[in-house]
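In what follows, a structure is listed as structure tokens, so that the remarks can point back to it.
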Amino acid sequence: MEIVRSQRKPSIDASPTPTLSLYRSAPPLEVRLEDFELYAIDRLRVLKGISDGLARGKKPEEMENLVRELWKTNMRHQDPAEVMNKDIISHFVLRLVYCRTEELRKWFLSMETTLFRYRFRLESLESQRMLMTEFQLPYKALIHAEYETVKDKLVQVARSIGQSSNTDTIFFKVPFEEVPDLVGSRRVFILKGFAYVPMNQVVSLVVTQFRSNISKALVLTNRKWTSTIKEQEKDRLTPIVEALSNSYLGPDYTQYFSQPNESAEISLKDIDQLASNSFPLCMRHLFDKLREDHHLKHGGRIQLNLFLKGVGLKLDDALAFWKEEFSKKVGAERFDKEYAYSIRHNYGKEGKRTDYTPFACQKIISSTPSVGDHHGCPYRHFSEENLRAALNKMGVGGRQQDEVMDKVRNRHYQLACTLTFEAIHGTSCDTGINHPNQYFSNSQKIRQEK
RNA sequence: GGCGGC
DNA sequence: GCCGCCAACATA
Ligand code: SF4
């Protein structure tokens, strides 16, 4: 394989074949029972080390060193042939230990994922490619000759999104339909059906895959454990697993993460207040319709739910909130069956556990609500008549309303929204509105000052 | 809402 | 008919 240019600072391990496992299949069974526990403890030291490295807010480079050191000191083995096994065995044993509860899964997933990220980066380019192929991401690195022909374009794209366009960044060619989000937000150069994705982005694709797999596997493991494994292994693995649970997952695993607490949480009580005070029109409308119809169609649910998440509504409150309304229409049991999962999923609590970012104005404005939908941007999707009525309800009338409508006619929807904001709050908003949650937090800030 | 499984 | 899983991306 030809490579663009010799890439990185010499990595500790430049071997062509991966030293890193993806843990796709259960471990080969040739292991002494004592080793199960010993291996698992060693790995736990690594994960624990990563955990408080993160808790101390270490920077990426510091983490890279930390991970390398932790791995080297804890996961070595006199028999080089055994080292790979140790990796795999220890991982699978810990899966059993950490699949029991939501909290444990979350911690384990997070640590394993960061561990994987740094280990992946230390692999040689060739073994990285092999790992990617194993993940069905068989992308090819850009060869030198081709790189030269598109170099200018690549630099241009990098610059347009404020990335330092390093000359020795490696690019991969990815079928563009496989990375719709990168394509949609124009963060990659596209040519002949291929998106040219820089190394760092590719790494996050791989890591996302990894995280997704482990997350789902943990849930499965949990089921299998309680249904069959626990009983079946009661003379072998079960005692070990139980011992590990008791000794190592002591008290302090609750506050491992670096952002101790997000900004203001909000409670169910004042949500109606907040809605009428600080929600932008799009969200206000969804909110009102939900309260009125006790129902929202799919597009509206996701738009509002993510917004509420961004506003600081905790998952349990969100579930209670939606359930309260939906129950009036479809009944509580149908809510649990048909709508609850998706709400948890939006909060990153199901499946691959993505904590989705709330929709930005651009996304909302370019959506295409059909009849019966209430999502979208009112400035863009309402009739003039309805919009004026909505503005009146927000307390924007007369001259100010006309100015808003003027922006709308010129298709400057976000400016119209900004004008509305200014009219309501009586201050200027120089940055403009480009995200509903920005509207909200700006509004809150101003209101608190009064 | 789409995709997927039975 | 039952069920699981996905999407996003501002930001001082
Ligand atoms: S401009 Fe943005 S925030 Fe304002 S209503 Fe439209 S989508 Fe909502």
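Chain naming here is simple, since letters A, B, ... match the order of the sequence lines and numbering starts at 1 in each. Not measured: the values here are computed from a predicted model.
Under 4.0 Å is where a charged nitrogen must lie from a carboxylate oxygen, and between A:D317 and A:K309 no such pair does.
The distance between atom OH of A:Y339 and atom P of B:rG2, rounded to the nearest whole Å, is 13 Å. Rounded to whole angstrom, the span from the CD1 atom of A:I343 across to the P atom of C:dC6 amounts to 17 Å. One interatomic measurement links the two molecules: CG of A:N305 to P of C:dC6, which rounds to 16 Å at whole-angstrom precision. Per the geometry, CD belonging to A:E177 stands 18 Å off C1' belonging to C:dC6, to the nearest Å. Distance A:E333 CD to C:dC2 P: 12 Å, rounded to the nearest Å. One interatomic measurement links the two molecules: CZ of A:R353 to P of C:dC6, which rounds to 11 Å at whole-angstrom precision.
Of the side-chain N and O atoms in A:K216, none sit less than 4.0 angstrom from OP1 or OP2 of C:dC5.
Comparing A:E338 and A:E350 by the nucleotide of DNA chain C whose heavy atom lies nearest to each, the residue mapping closer to the 5' end is A:E338.
Not less than 6.0 angstrom separates the ring centroid of A:F307 from the ring centroid of A:H375.
Between the P atoms of C:dA10 and B:rG1, the separation comes to 28 Å (whole Å).
Between A:Y196 and A:F189, the angle of the ring planes lies from 30° to 60°, which puts this pair in the tilted group. Taking the six-membered ring for Trp and thresholds of 30 and 60 degrees, A:H285 and A:H374 have ring planes more than 60 degrees apart, a perpendicular arrangement. Relative ring orientation between A:F210 and A:F135 is described as perpendicular, the plane-to-plane angle rising above 60° on a 0-90° scale split at 30° and 60°.
Residue A:G299 is out of contact with every strand shown, counting any heavy-atom pair closer than 4.0 Å.
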Protein proximity profile, nucleotides 7-12 of chain C - base contact B, sugar-phosphate-only contact S, no contact -, cut-off 4.0 Å on heavy atoms: BBBBS-
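Within the structure, salt bridge (charged side-chain N to carboxylate O under 4.0 Å, His left out) contacts touching residues 189-204 of chain A (residues at least two apart or in different chains) do not occur.
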